[in-house]
Each structure stands twice: as C-alpha cells, then as structure tokens.
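Comments concern the structure below.
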Amino acid sequence: MIPLAFFLLACAAVYLGCIEASFSALMRFSLRLVAERSGRPGALDEYLDDPLLLFVPVRLLLGLVIAGEAALLSKVVGIDGARALAFVLVATGAVVIVCELLVPLVIVGRDPERILEVLLRSFTPVARVLGPLTRRIARTVAAAKRPVAVPAPHEEPDAAARAAHLDTEARERLSEGEERELLQSIVDFGDTLVREV
C-alpha cells in the first residue's frame with residue numbers, strides 16, 4: 001500500500017510540476033505574446049492576468065505532496081536516529097528534484113502552451129475549490145506591496161487610510177489595465193507588421 005501511495009504522490013508532483021513549469025515558461029514575454037495573440041479564452045487568460053491565482057494553489061498542493069512523500073518515507077525507514085532522518089531528507093529532496101523539476105521540464109520543453117491548456121482542464125476545478133484561500137493570500141501579498149500612507153496632522157487617521165487605500169486600488173486597476181493594453185498593442189503591432197511584410 002505504501003509503495004502505491006508513494007507512486008501516486010510522485011505522479012501528483014509531476015502533474016503539478018508540469019503546470020508550474022509550463023505556466024512559468026508562458027510568463028516569459030515572447031511566449032506570453034503568442035498566448036495573448038491566440039486569444040485563448042477561459043482559465044489561461046484569467047491566470048495570465050493574475051498569476052497568483054495559479055501559483056498559490058499549485059505551490060500549496062506541492063507542499064502537501066512533499067509532506068506526504070516525506071511522511072511515507074519516514075514510515076518505511078523509521079526515524080530512530082540521525083542517519084535515518086538524513087536518508088529521509090535526501091530521498092525527499094531527490095524526489096522533489098526529479099518529479100517536480102526535471103521530469104516536468106522535459107515534458108513541457110517543446111510546447112508549454114499546449115501542455116498547460118490540457119492540464120488546466122483538470123486543474124481549474126481544484127483551483128476553484130482553493131479559491132477563497134488563494135484570494136486571501138493574494139490580497140495579503142497585494143497589501144504587503146502597498147506603500148503605507150502617513151496621515152496628515154490635520155486629517156483623521158481613518159480618513160487618510162481610506163483615501164490612500166482607494167488611491168492605491170485605483171492605481172493598481174489602472175496599472176493592470178494599462179499593462180494589458182500595452183501588451184495587446186504590441187500584439188496588434190506585430191500582426192500589422194507581419195501583414196505588411
């Protein structure tokens with residue numbers, strides 16, 4: 001039973017590693033332009049707009065898979081000394097390197113967009129289940145990036161904080177819209193240039 005569970009966890013690590021590797025490859029500018037040009041609707045477009053919606057659930061699930069693999073290895077080996085603990089750590093590290101890095105990079109190497117498109121069909125429901133946790137983490141990350149506004153001496157602290165928060169949200173929305181618009185104009189320019197040539 002333990003070898004089967006370990007094999008299934010290794011397969012889950014390869015699956016999640018492929019999603020992460022293919023999406024990371026698409027985040028490179030040249031491949032992102034191709035993805036934007038193809039105008040694929042749905043989950044990929046949503047994840048390209050906000051990468052945390054994909055990276056948070058993938059990283060969370062990969063963490064659970066690693067913990068499961070380490071637990072299974074420690075159950076088989078039995079941690080009764082430093083030598084057994086070192087073996088479990090080294091073996092878990094080797095599984096992570098092979099199943100989460102090397103194998104996914106080989107699988108994704110040629111066509112990351114196609115691989116991601118196939119894998120997102122099965123991953124999107126899982127990401128939706130983890131959606132509330134993902135959004136909470138994304139909000140926390142966004143809040144950590146915001147500059148802290150110091151209220152003016154004559155203003156109430158609550159009013160200044162609200163004004164700064166609204167101003168920051170408006171700038172973020174404008175920045176995201178401008179980024180998307182700039183990317184789309186680059187894609188359109190490339191299409192026009194190709195047609196003219």
Side-chain angles (χ1 to χ4, degrees), residues 1-32 35 40 42-146 148:
M1 183 67 182
I2 290 178
L4 177 63
F6 191 81
F7 175 74
L8 291 175
L9 285 174
C11 289
V14 169
Y15 169 76
L16 293 167
C18 284
I19 291 173
E20 186 177 36
S22 58
F23 190 74
S24 296
L26 274 183
M27 291 305 293
R28 288 188 307 215
F29 189 68
S30 59
L31 289 176
R32 184 166 179 181
R40 300 223 195 303
L44 180 56
D45 194 38
E46 180 183 345
Y47 294 138
L48 284 172
D49 286 341
D50 191 0
L52 282 179
L53 293 178
L54 181 79
F55 282 126
V56 169
V58 166
R59 281 273 126 216
L60 177 66
L61 292 172
L62 279 172
L64 292 173
V65 166
I66 293 168
E69 290 169 343
L72 287 174
L73 280 172
S74 64
K75 186 172 182 177
V76 168
V77 173
I79 300 183
D80 56 357
R83 195 174 205 150
L85 178 62
F87 173 76
V88 169
L89 291 175
V90 169
T92 302
V95 169
V96 167
I97 289 171
V98 171
C99 294
E100 292 181 26
L101 296 173
L102 298 178
V103 172
L105 287 175
V106 169
I107 292 172
V108 168
R110 294 190 182 254
D111 193 0
E113 185 179 3
R114 188 168 154 259
I115 298 291
L116 185 61
E117 189 178 316
V118 169
L119 294 177
L120 282 181
R121 291 181 191 140
S122 60
F123 183 75
T124 300
V126 175
R128 284 196 182 115
V129 169
L130 295 173
L133 178 63
T134 300
R135 283 188 285 281
R136 181 173 290 150
I137 292 171
R139 272 187 258 136
T140 304
V141 169
K145 288 182 181 179
R146 287 189 201 125
V148 177

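Note: hydrogens, waters and symmetry copies are ignored here, and every other heavy atom, side chains too, is used.
- To the nearest 0.5 Å, atom CD of residue Glu117 and atom OG of residue Ser22 are 11.0 Å apart.
- Nearest heavy atoms, Val88 versus Ser74: CG2-CA, 3.8 Å.
- Leu60 pairs with exactly one of Leu130, Ile137, Val65 by the side-chain contact (heavy atoms from CB on, under 4.5 Å) rule, that one being Leu130.
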- Message: Could you walk me through whether Val76 and Leu72 satisfy the side-chain contact (heavy atoms from CB on, under 4.5 Å) test, starting with their C-alpha distance in whole Å, then the side-chain angles of each, then the deciding distance to 0.1 Å, before giving a yes or no?
- Response: CA-CA 6 Å; Val76 168; Leu72 287 174; 5.6 Å; no
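- Heavy atoms from other residues, nucleotides or ligands lying under 6.0 Å from CZ of Phe6 number more than 12.
- In this structure, Leu119 CG and Ile19 CD1 are separated by 5.0 Å, a value rounded to the nearest 0.5 Å.
- Between Phe7 and Cys11 the shortest side-chain heavy-atom distance falls below 4.5 Å.
- When side chains are defined from C-beta on, Ile66 counts as touching Thr92, because their heavy atoms get closer than 4.5 Å.
- In this structure, Ile2 and Lys75 approach most closely via the heavy-atom pair CD1-CD, 3.9 Å.
- What you find for Leu9 and Gly68 is that their closest heavy atoms are CD1-C, 3.5 Å.
- With values rounded to the nearest 0.5 angstrom, Glu20 atom CD is found 10.0 Å from Leu105 atom CG.
- Within the 3.5 Å criterion, the main-chain N or O of Arg121 finds no donor-acceptor partner in the side chain of Thr124.
- For the residue pair Glu69 and Ala13, the shortest heavy atom distance occurs at OE2-CB, 4.0 Å.
- Atom CG of Asp80 and atom CG of Leu85 lie 10.5 Å apart (nearest 0.5 Å).
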- Task: Evaluate side-chain contact (heavy atoms from CB on, under 4.5 Å) for Val58 paired with Phe23, printing each intermediate quantity in order.
- Result: CA-CA 11 Å; Val58 166; Phe23 190 74; over 6 Å; no
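- Nearest heavy-atom pair across Pro57 and Leu54 is CD-O, 3.2 Å.
- Contact check for Leu4 versus Leu8: side-chain heavy atoms found under the 4.5 Å cut-off.
- To the nearest 0.5 Å, the span separating CZ on Arg59 from CG on Leu61 amounts to 10.5 Å.
- Here the closest heavy-atom approach between residue Val108 and residue Cys18 is recorded as CG2-O, 3.6 Å.
- The distance from atom CG of Leu52 to atom OG1 of Thr134, rounded to the nearest 0.5 Å, is 9.0 Å.
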